[in-house]
Amino acid sequence: MCACRCGIKVHLEDGKLRYIEGNRDHPVNRGVLCAKGSAGIMSAVSPARLATPLKRIGPRGSGSFEAIGWDEAMSIATRRLAAIRATDPNRLAFFTGRDQSQSLTGYFARMFGTINYAAHGGFCSVNMAAAGVYSVGGAFWEFGEPDWDRARLFLLFGVAEDHDSNPIKLGLGRLKERGAKIISINPVRTGYSAIADEFVAITPGTDGLLVLALAHCLLEAGDVDTEFLIRYTNAHHLVIDAPGAADDGLIARNEAGRELAFDRRSAALVEAGAAGIDPALAGAFVLPDGRRARPAFALLAERYLDPQYAPEAVAGRCGVEAATIRRIAAEIAEVAFRQAIVLDQPWTDTSGRRHEQMTGRPVAMHAMRGISAHSNGFHTCRAIHVLQMLLGAIDTPGSWRYKSPYPKPIPGGPPPGRPRGPGRPLDGSVLGFPTRPEDLLVDEAGEALRLDRAFSWEAPLAIHGLMHMVIARAFEEGPERIDTLFLFMANMAWNSAMNPGETTRMLSACDDAGNYRIPFVIVADAFASETVAYADLVLPDTTYLERYDCISLLDRPIGSAHGPADAIRVPVLPTGREVRPFQDVLIDLAGRLGLPNFADAEGKPLYASYADYIVRHERRPGIGPLAGFRGADGASIGRGAPNPGQLRRYVENGSFWVHHLPPEQLYYKHANRAYLTGAKAMGLIESDEQIVLQLYCEPLQRFRLAARGHGTRRPPERLRARIASFFDPLPIWYVPLEEAMVDRERFPLHAITQRPMAMYHSWGSHNAWLRQVLPENRIYLHAGRAAEIGVRDDDWVWVRSRNGSVRCMVRTMTGVNRDTVWTWNAIGKRAGAWALQNDAPEFRRGFLLNHLISEYLPKAGDAAPDSNSDPVTGQAAWFDVTVSIEPAGPDSPAQTAPQPAANPLRIKRSPEPVS
Amino acid sequence: MTMLPKSPPGAKKLGLVIDLDTCVGCHACAVSCKEWNTKGEAGLLPDYDKYGAEPDGVWFNRIHSYESGAGDGCRTVNLPRSCLHCEDALCVTVCPTGASYKRAEDGIVLVDADKCIGCKLCSWACPYGAREFDEDAGVMRKCTLCIDRIYDKDLPQAEREPACVATCPSRARHFGDLADPQSKVSQLVKKRGGVDLLGELGYRPTNKYLPPRKATIPTAPREAPTGAASGIGGALLKLLDRALSR
Amino acid sequence: MRPAASVLLLTTLTGFGYGLLAWLGACAALGLLPAGRWLAVGGTALALLFATFGLVASTLHLGRKERAWRAFTQWRSSWLSREGVASVLTYPIAIAFAAAVYRDGGGIAVRLLGALAAAAALVTVFCTSMIYASLKPIRQWHNAHTAPDYLIYAVFSGAVLLALLETAMLGTPGAAARAAALAAAVAWAAKRAYWRHIDAQSPLATLASAIGLPKGTEVKPLDAPHFTENYVLREMGFTIARRHAVKLRRIALLVGFAAPLVLSLLASFSRLPLAATAAALVCAAVGLLTERWLFFAEATHVSALYYGRRI
Ligand SMILES: Nc1nc2c(c(=O)[nH]1)N[C@H]1C(S)=C(S)[C@@H](COP(=O)(O)OP(=O)(O)OC[C@H]3O[C@@H](n4cnc5c(=O)[nH]c(N)nc54)[C@H](O)[C@@H]3O)O[C@H]1N2
Ligand SMILES: Nc1nc2c(c(=O)[nH]1)N[C@H]1C(S)=C(S)[C@@H](COP(=O)(O)OP(=O)(O)OC[C@H]3O[C@@H](n4cnc5c(=O)[nH]c(N)nc54)[C@H](O)[C@@H]3O)O[C@H]1N2
Ligand code: SF4
Ligand code: SF4
Ligand code: SF4
Ligand code: SF4
Ligand code: SF4
Ligand SMILES: [Mo]
């Protein structure tokens with residue numbers, strides 16, 4: 001397996017890496033590779049690879065280390081962590097990056113007993129994940145995919161590359177082959193947008209408005225799949241209309257706790273899930289207690305039919321002409337309803353009804369960080385899901401489909417686990433799915449228990465944590481809160497930091513006594529990244545061709561709409577360095593610490609290595625990291641006893657396992673009886689009941705009611721208004737938070753980044769081939785705008801935001817929204833890092849937009865500033881920043897600024913050979 | 001032989017068809033090409049100043065991007081550029097040593113690195129910038145159409161295609177015999193109006209490029225409704241008359 | 001095109017050498033050789049010396065010098081190969097010519113060999129010119145001027161050299177100086193005509209056709225495949241600012257042609273003919289190197305279109 005998810009075949013010659021090619025049988029990439037994948041051969045010889053464990057000897061951040069042996073490294077880590085665990089496990093903050101082993105790292109944190117754990121999802125795409133799992137029980141982000149073979153119209157919102165980049169490219173190729181229409185909604189026309197048949201140069205942060213305007217048009221024309229709505233969503237569920245009451249806005253239920261609807265045929269209230277009813281979607285009805293209730297759909301229709309959502313009303317704000325919005329709505333309706341797909345494929349729904357055919361709405365949508373990385377992204381993403389539901393375009397032929405193991409019951413799992421004191425594991429998974437105020441991790445005063453304030457009133461649905469706040473909060477709250485900051489595979493001191501200058505200052509800041517504000521920092525990295533210099537202890541990891549890994553169904557697996565799948569990575573290269581696979585190290589650490597399920601009652605470690613763990617660990621009886629080839633004979637799938645020969649079976653099978661769903665299970669999975677029972681039997685889900693799609697998101701209303709003063713768990717005063725307005729059970733649009741607070745006259749331009757297709761964040765720069773493609777970056781802006789400002793290609797300019805200024809060079813283009821500037825993400829490097837020479841273009845002309853972004857919103861009044869995040873999910877709002885541009889002038893040095901001092905690793909070798 | 005060969009009857013014209021309507025400009029083909037040819041029989045493709053100020057190297061395939069047109073017709077176009085295995089390959093006839101040659105049997109244009117004296121003239125003769133000089137070995141390099149893959153009997157039939165074609169994630173690259181009107185590539189060229197790059201220079205390239213297109217969905221134009229049908233009430237009525245059955 | 005020193009030296013030095021040889025041979029053929037065998041013998045030696053320097057300089061340009069012999073094999077299609085063959089064939093002819101002059105100073109053999117040597121010299125120069133003139137992607141070379149111009153400059157530079165040689169050996173410049181003056185005038189006119197021609201030419205292609213879009217489509221480069229210069233750009237993307245070109249053209253004309261013209265005429269009357277002819281030679285050499293530098297620097301290659309450069 002390649003660096004992330006694709007299958008590869010690696011050819012060696014005399015033990016040397018010769019050639020990497022795509023595995024043609026692999027379900028993810030079908031033989032294709034991206035540029036990074038083929039360049040893997042150069043990463044394996046990069047001089048930036050770490051070679052031994054390191055102990056800091058100079059000041060933190062200076063890069064001065066002593067090479068130590070693994071014994072010493074492990075005993076330092078064990079001693080430190082054991083002391084923490086014995087007193088207050090929460091004083092370990094364990095945060096991981098874009099790794100594929102969150103089911104292990106999360107489990108480690110849970111058993112360790114710290115709530116302060118998360119992976120990179122919080123600054124990545126939690127808006128997409130949360131909006132998806134709370135609305136449809138799946139999500140765009142790795143949990144769903146368009147029906148590439150059948151879609152006729154494809155709407156792509158804010159995607160440059162995505163995690164699933166090869167599948168998306170394969171899919172786009174297939175759409176093109178069939179002549180389907182692709183509409184890209186994106187401020188910038190490059191990459192996927194370049195080949196779109198229509199490009200909508202939207203103003204950043206306004207997609208919610210655009211989507212709701214599309215909904216307005218569809219509702220206005222009656223182009224809505226009402227049949228789908230009542231069968232598969234909660235459109236007909238009755239919402240209590242009792243202003244001021246503690247249950248206002250909640251769904252009316254009977255004594256059995258079942259949602260109610262109004263049946264027009266019997267003119268009575270009935271259980272909304274009952275088959276054969278003719279439920280009302282409009283009107284107002286009287287509940288048994290005499291109060292009024294209205295179908296969720298009626299609330300929705302009323303809201304979006306309002307003229308404020310008419311194309312004419314939103315056009316200016318979105319930068320998209322009203323006529324274009326109307327035309328796109330008409331095209332959507334045309335394809336969804338006039339070109340519906342009917343497959344002669346019988347299937348049976350959860351109510352036991354047999355359908356002879358599958359009807360599809362061949363309008364597919366996909367969205368990612370262009371939506372996600374704004375502070376209104378949760379609602380925008382919900383708006384897109386609502387649009388899909390109105391069209392009946394969820395898991396039907398031609399539309400967006402769930403990737404196995406999704407759909408999952410909404411919202412996806414139990415609430416976050418809670419601490420149980422020193423030496424004890426949490427009572428549940430670290431990350432979970434709150435649905436009511438009681439699920440939050442807050443103290444008596446309603447303040448956050450977690451360091452990053454996830455699951456507090458500041459970010460109640462922060463299901464992936466708030467990784468971008470960790471260093472700032474650890475600095476702010478000091479040693480009382482956190483002892484050890486343990487970072488794995490995340491370049492937190494540079495490109496994954498908002499405001500890297502401040503972040504590095506905080507990492508190395510001391511109190512008056514000269515002690516570090518953040519007492520101890522452990523970094524597990526494979527390369528000499530910017531962050532390594534800030535570690536006290538460096539645990540050098542292997543690179544991806546040197547270790548076992550697994551992409552587990554317990555995490556973010558490689559399943560597709562065609563069925564569940566998972567995969568492993570096997571070591572093919574000897575390391576030749578004193579490095580160890582991080583997962584081995586973590587399991588070793590867990591064993592040494594005697595963590596439950598990693599060590600037996602006597603404290604003896606249970607697993608020899610990660611490979612051993614992959615095979616033998618059982619999360620629930622019969623369910624382990626890998627779903628394929630289970631059982632003693634390897635014949636079971638999903639559930640089954642551990643199989644000692646499992647890894648061998650995987651290798652024989654191309655290092656992956658895939659289960660192909662039979663045709664009757666391929667669509668309507670949320671209500672497909674055969675699929676749901678099968679999935680339950682395999683252990684993918686716990687229940688085989690229908691998954692009712694949530695047009696109306698009731699959990700949000702529960703938080704809002706608390707903000708209105710109901711219940712015992714209420715938000716602190718300062719957050720009340722915020723919760724009350726942002727926890728709307730129907731999608732809303734608002735100006736992104738930062739944008740609403742800054743002086744737009746001073747900072748008139750939106751500034752965003754895109755993933756370059758041939759680079760992985762920071763770690764392509766040490767690759768001799770990839771850095772030939774992109775060793776430096778430019779700030780791109782509209783040619784007309786450049787003319788107004790008086791700058792031309794390759795001029796040096798200052799880009800300024802409220803947070804700082806960056807000096808960089810200009811490139812002009814026409815395929816960009818006029819009010820937007822952008823650049824490639826993470827190209828600029830800090831001098832000294834990545835084993836590059838001191839005159840490397842990455843330092844001299846490459847720049848990070850991150851210097852302009854702050855992890856805090858502007859201060860409003862005396863209160864401490866809020867984090868720069870989505871108020872619902874805590875998603876980092878990378879793309880909300882606004883800037884100005886001015887020429888740097890003819891005397892400007894031809895070098896980027898800011899330019900932090902170089903801090904290359906200087907490693908003192910111990911006199912004796914390290915073991 | 002440095003003279004252009006007379007193709008025997010029935011000779012193949014192997015080449016690539018590159019779909020500009022589908023190419024997302026990801027550089028995957030370029031890197032894969034570099035990888036294959038670094039390992040393969042064509043010898044090493046050098047890199048210079050790998051970790052320094054001016055990283056550079058020899059590539060057989062490079063990906064440009066352009067913006068074309070204005071207003072509604074505007075488009076971002078990604079262009080992978082490699083040797084087009086021209087029929088009138090001036091790069092071959094100018095070569096003083098015979099190192100540059102075009103194969104009679106399949107039209108592939110190659111450089112024999114053992115004969116090349118590195119005079120660079122062939123690169124001057126190529127209007128496409130498809131030849132790059134190997135400073136380390138002192139010889140000229142160019143795309144081989146992956147001759148060491150497409151004829152490799154050890155590979156399964158499906159894998160006997162150029163590395164760049166095999167890896168292209170959006171399947172924008174196609175390989176085949178352009179002399180055979182029935183081949184997939186010839187059919188694609190016919191159906192999609194494949195074009196020559198720099199046709200006016202008369203090199204008669206074998207590789208063809210499929211131009212960008214624009215899919216549309218014809219619909220009746222819609223205005224904002226007025227009168228009785230307008231407003232929330234009107235719209236809801238339209239929607240909810242239907243009998244619904246759960 | 002990048003003006004590589006080796007190629008500039010090659011073409012100018014061989015121009016002088018073969019030009020001189022052509023003059024000597026032609027004079028011998030017509031029986032116009034000035035008295036004394038040493039002029040022709042010494043002149044031939046000098047001509048071969050220049051040519052050899054030029055050819056050696058040109059091999060410096062090769063990536064694999066040790067294989068240079070291979071360049072003689074493809075004379076059927078390659079002008080570079082033909083140049084090689086012609087230049088090598090010129091040696092025995094020239095030596096035979098010199099030997100014949102040495103033996104009997106005149107006579108039919110000398111006349112014949114003279115004609116042959118002149119022809120061989122001019123053919124070699126022609127082959128050189130055709131290397132450039134045959135390159136279709138470079139409009140500044142692929143035109144009707146390149147070949148005649150190369151011959152004219154060779155004849156001119158040969159005349160300047162001959163005038164110096166005559167002055168040095170015989171004390172007076174004689175007719176050679178007047179021939180040099182005349183050739184300078186022709187060369188001046190030819191160069192002016194060439195520049196007028198290339199300035200009026202339209203580009204061979206547009207970026208639209210380079211990337212296969214319909215004629216007339218407006219295209220602007222967005223991102224190049226790589227940030228740093230690569231071989232194609234270094235070799236073929238060389239550009240020169242307009243104002244530099246104008247200045248250099250003036251230098252080439254004045255120093256390369258006007259000054260030798262004046263100096264050559266002066267040589268016939270002045271009391272320091274050696275100084276005048278020597279100065280003419282130096283000026284011609286500097287001017288021709290400048291002219292040759294411009295010949296490359298102003299030449300644009302179609303492939304640079306892909307990088308958005310003007311051609
Ligand atoms: N301006 C701006 N900033 C952004 C974003 C944006 O869009 N705009 N996007 C954000 C997002 S979504 C993300 S996910 C982050 C990502 O940013 P980062 O988390 O910083 O991701 P990377 O740069 O990929 O690398 C993380 C670290 O992993 C190390 N590494 C690589 N391979 C291995 C390995 O095998 N083992 C170990 N232990 N370490 C390894 C690398 O050396 C590097 O130090 O950036 C965020 N930052
Ligand atoms: N090659 C490569 N692939 C990667 C990565 C990488 O570093 N390199 N990183 C991986 C990671 S960690 C992640 S999170 C994914 C992210 O993958 P993507 O979701 O593709 O993330 P970005 O590249 O940040 O792209 C965001 C897109 O949204 C657009 N955009 C910005 N604001 C708006 C807006 O308001 N509205 C709309 N409609 N569009 C907007 C931008 O122009 C850009 O095209 O990629 C993964 N894949
Ligand atoms: S997307 Fe590229 S780098 Fe990631 S696994 Fe696939 S081929 Fe490898
Ligand atoms: S593209 Fe260039 S190198 Fe290839 S055959 Fe044509 S002229 Fe020769
Ligand atoms: S560089 Fe090599 S292949 Fe090219 S013309 Fe010269 S000898 Fe021939
Ligand atoms: S055919 Fe082979 S050599 Fe030519 S560009 Fe493609 S991968 Fe490179
Ligand atoms: S791999 Fe395919 S999509 Fe990517 S640049 Fe090459 S041709 Fe274009
Ligand atoms: Mo991410």
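Convention: sequence-line order gives letters A, B, ...; per-chain numbering from 1.
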Exercise for review: Keeping the roles fixed (side chain from B:His64, backbone from C:Pro221), state whether a donor-acceptor pair exists under 3.5 Å.
Suggested key: no
Check your understanding: Taking the side chain from B:Ser68 and the backbone from C:Glu218, do they hold a donor-acceptor pair closer than 3.5 Å?
Key -> no
**Study point:** Structural part of C:Leu213 lying under 4.5 Å from a heavy atom of chain B
**Key:** side chain
Exercise for review: Would you indicate whether the side-chain heavy atoms of B:Asp56 and C:Arg234 approach each other to under 4.5 Å?
Suggested key: yes
Check your understanding: Between the main-chain N or O of B:Thr93 and the side-chain N or O of C:Ser77, is there a donor-acceptor pair closer than 3.5 Å?
Key -> yes
Check your understanding: So, for B:Pro96 and C:Leu80, which heavy atoms are closest and what is the spacing to 0.1 Å?
Key -> CG-CD2, 3.4 Å
Practice item. Kindly determine whether C:Phe227 and B:Glu54 satisfy side-chain contact (heavy atoms from CB on, under 4.5 Å), including the steps that lead there. Key: CA-CA 9 Å; C:Phe227 260 88; B:Glu54 294 192 30; over 6 Å; no
Review point. Taking C-beta and beyond as the side chain, do C:Tyr306 and B:Arg81 meet within less than 4.5 Å on heavy atoms?
Key: yes
Point to revise | Residue pair B:Lys120 / C:Tyr231, side-chain heavy-atom distance below 4.5 Å | key: yes
**Study point:** Test item: B:Trp59 and C:His226 side chains (from C-beta on) under 4.5 Å apart, heavy atoms
**Key:** no
Exercise for review: Let me know if C:Glu83 has heavy atoms under 4.5 Å from chain B in its side chain, its backbone, both or neither.
Suggested key: neither
Exercise for review: List the steps, then state whether side-chain contact (heavy atoms from CB on, under 4.5 Å) holds for B:Trp124 with C:Met236.
Suggested key: CA-CA 7 Å; B:Trp124 295 1; C:Met236 281 156 304; 3.9 Å; yes
**Study point:** Distance-only donor-acceptor check, side chains B:Glu200 and C:Ser209, under 3.5 Å
**Key:** yes
Practice item. Check whether C:Ala71 gets within reach of chain B through its side chain, its backbone, both or neither, counting any heavy atom under 4.5 Å. Key: both
Practice item. Please tell me if the side chains of B:Tyr128 and C:Ser303 come closer than 4.5 Å, counting only heavy atoms from C-beta onward. Key: no
**Study point:** Side-chain heavy-atom pair B:Tyr66, C:Lys220 within 4.5 angstrom cut-off
**Key:** no
Review point. Using non-hydrogen atoms only, which part of C:Trp141 is less than 4.5 Å away from chain B: side chain, backbone, both, or neither?
Key: side chain
Point to revise | Per-residue contact mode, C:Thr206 against chain B (heavy atom under 4.5 angstrom) | key: backbone
Check your understanding: When you measure from the side chain of B:Ser65 to the backbone N and O of C:Leu222, does any donor-acceptor pair fall under 3.5 Å?
Key -> no
Review point. Can you check whether B:Tyr203 reaches C:Lys136 side chain to side chain, under 4.5 Å on heavy atoms?
Key: yes
Check your understanding: C:Val232 versus chain B, heavy atoms under 4.5 Å apart: side chain, backbone, both or neither?
Key -> side chain
Exercise for review: Check whether any side-chain heavy atom of C:Arg64 lies under 4.5 Å from a side-chain heavy atom of B:Val139, and answer yes or no.
Suggested key: yes
Review point. Checking heavy atoms, do the side chain of C:His301, its backbone, both or neither come under 4.5 Å from chain B?
Key: side chain
